[in-house]
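In what follows, a structure is listed as structure tokens, so that the remarks can point back to it.
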Amino acid sequence: MIEPSLALYGDAFERVDRHLEELLGATGVRYCLLVDRKGFVLSHKEALWAPRPPALDSVATLVASNAAATAALANMLGERTFSEQIHQGEQGTLYVESVGDQALLTLIFDVSVPLGRVKVHTKKTITQVAAILAELQDAPPVQFSEDFSKGASALLDDLLG
Amino acid sequence: MSTINFAAREINCKIVYYGPGMSGKTTNLKHVFSKVPGHLRGEMVSLATEDERTLFFDFLPLDLGTVQGFKTRFHLYTVPGQVFYNASRKLILRGVDGIVFVADSAPNRLRANAESMRNLRENLAEHGIDVRDVPIVLQVNKRDIEGALPTEMIRAVIDPKKELTLFEATAHTGGGVFETLKSVSRLVLDRLSQNK
Ligand SMILES: Nc1nc2c(ncn2[C@@H]2O[C@H](COP(=O)(O)OP(=O)(O)O)[C@@H](O)[C@H]2O)c(=O)[nH]1
Ligand SMILES: [Mg+2]
């Protein structure tokens with residue numbers, strides 16, 4: 001439809017997961033999220049010591065919407081894109097960088113973590129993750145059976161009466 | 001197409017409530033939020049002005065449960081209805097899987113309903129899709145107000161060929177809200193199993 005669907009398959013998913021885990025270790029950030037442009041969480045990692053994260057659904061939606069608005073601004077100003085977004089508060093930083101046209105890598109960290117270090121490591125991770133996502137574009141579409149529709153229908157009755 | 005996270009076994013569908021300003025889009029989401037049990041829904045996020053007009057969007061995530069091993073989730077969005085917020089509306093349509101068009105029954109909003117539908121067509125076309133490619137359900141809201149126009153008169157300006165499933169609603173008291181959502185959700189899920 002409007003956006004190509006992004007399906008993370010088994011092995012690819014695990015490789016993405018591993019890269020995010022490495023990034024978490026190398027930078028000392030709290031949370032690390034891979035979000036698709038529609039605002040869904042594709043993968044999420046958090047430091048062992050980090051407190052419970054805020055609602056990730058909401059974070060992903062707002063990050064993706066923010067990125068979409070920023071991209072629209074870029075177009076208006078004759079830029080192809082503004083690739084990164086940095087929001088710095090008194091206690092922490094939200095750093096978002098594009099992974100190609102499909103996804104966004106989002107890092108949330110304390111002020112004690114140097115932004116420069118985060119940027120350097122993030123660049124490397126993005127190259128790795130972008131390559132994996134590019135491989136997936138040629139993956140065959142997922143097939144669902146008739147039973148899927150029936151099962152979903154029953155659940156809809158449960159949820160919405 | 002819905003986002004399918006195969007390894008995590010998740011399916012995510014995006015449903016957008018579209019329509020003219022003040023037709024009751026936000027009210028639909030508020031009702032769903034208040035009636036669905038807490039463990040099946042997330043927080044409602046509203047990016048609104050001080051006088052509660054939608055500025056960018058409202059957002060509500062819903063968990064359907066697990067279908068054939070896939071955790072299935074709906075993300076509900078509303079758009080800001082006011083004409084001058086078109087740039088925002090276009091952004092929210094990105095990646096849409098299903099649409100609820102919320103029309104207003106007030107006589108002085110007939111033209112606004114028609115214009116909003118035309119705007120929806122144009123915005124979808126800019127994303128390169130035909131309205132017929134997306135499941136759309138029509139909700140004619142505010143049936144309780146004095147002087148409400150006949151439903152068929154409203155449909156005539158939005159959906160003259162009568163192609164859309166139509167529900168009458170009184171969203172502020174919850175009438176028709178769940179029926180509408182269920183109908184569009186079903187269309188989205190059916191499409192998924194037809195691999196379209
Ligand atoms: N009488 C009546 N008022 C409604 C109904 N649905 C919504 N409203 C009211 O209409 C106003 C605008 O609703 P809102 O959901 O903010 O509209 P939106 O701009 O489409 O998001 C609010 O004051 C609602 O309480 C309805 O079915 N009947
Ligand atoms: Mg609103």
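Heavy-atom basis, side chains included; hydrogens, waters and symmetry copies ignored. The chains referred to below are lettered A, B, ... by the order of the sequence lines, with proteins before strands, and numbering in each begins at 1.
Closest heavy-atom contact between His75(B) and Phe40(A): ND1-CE2, 2.9 Å. Of all heavy-atom pairs between Ala68(A) and Leu91(B), the closest is O-CD2, 3.6 Å. In plain terms, the two heavy atoms of Ser65(A) and Phe57(B) that are nearest each other are OG-CE2, 3.1 Å. Shortest non-hydrogen contact noted between Tyr77(B) and Lys38(A) is OH-O, 3.7 Å. Of all the heavy atoms in Asp157(A) and Lys182(B), the pair that sits closest is OD1-NZ, 2.8 Å.
Heavy atoms closer than 4.5 Å to chain A are found in the backbone of Thr66(B), but not in its side chain. Residue Ala152(A) touches chain B through both its backbone and its side chain, counting heavy-atom pairs closer than 4.5 Å. Neither the backbone nor the side chain of Leu60(B) comes within less than 4.5 Å of any heavy atom in chain A.
Note: the hydrophobic cluster containing Ile154(B) does not contain Ile145(B) (ILVMFWY, side chain heavy atoms under 4.5 Å, direct or indirect links). No continuous path of hydrophobic side-chain contacts links Met22(B) to Tyr85(B) [ILVMFWY only; heavy atoms under 4.5 Å]. Val67(B) and Leu40(B) end up in the same hydrophobic cluster when Ile, Leu, Val, Met, Phe, Trp and Tyr side chains are linked at under 4.5 Å. Hydrophobic cluster membership is shared by Leu107(A) and Ile86(A), with clusters built from Ile, Leu, Val, Met, Phe, Trp and Tyr side chains linked at under 4.5 angstrom. Leu164(B) and Met153(B) fall within the same hydrophobic cluster, where Ile, Leu, Val, Met, Phe, Trp and Tyr residues are linked whenever their side-chain heavy atoms come under 4.5 Å apart, directly or through other members.
The environment of CD in Glu152(B) is crowded: more than 12 heavy-atom neighbours from other residues, nucleotides or ligands sit within 6.0 Å. Remark: Gln91(A) CD is loosely packed, at most 12 non-hydrogen atoms of other residues, nucleotides or ligands lying under 6.0 Å away.
Rounding to the nearest 0.5 Å gives a distance of 11.0 Å between CG of Leu155(A) and CG of Asp63(B).
Side-chain atoms of Asp57(A) and Arg73(B), non-hydrogen and from C-beta on, do get closer than 4.5 Å to each other. Residues Leu62(A) and Val45(B) have side chains in contact (heavy-atom distance under 4.5 Å, counting atoms from C-beta outward). Contact annotation: the side chain of Leu64(B) approaches that of Leu156(A) to within less than 4.5 Å [non-hydrogen atoms, C-beta and beyond].
In terms of non-hydrogen atom pairs under 4.5 Å with chain B, the most contact-rich of Leu159(A), Asp17(A), Thr61(A) is Thr61(A).
Note on Asp190(B) versus Lys150(A): no salt bridge recorded, every NZ/NE/NH1/NH2 to OD/OE distance being 4.0 Å or above.
Qualifying ring-ring contact (aromatic ring centres under 6.0 Å, His included) partners for Phe178(B), counting only residues two or more places apart in sequence or in other chains: His31(B).
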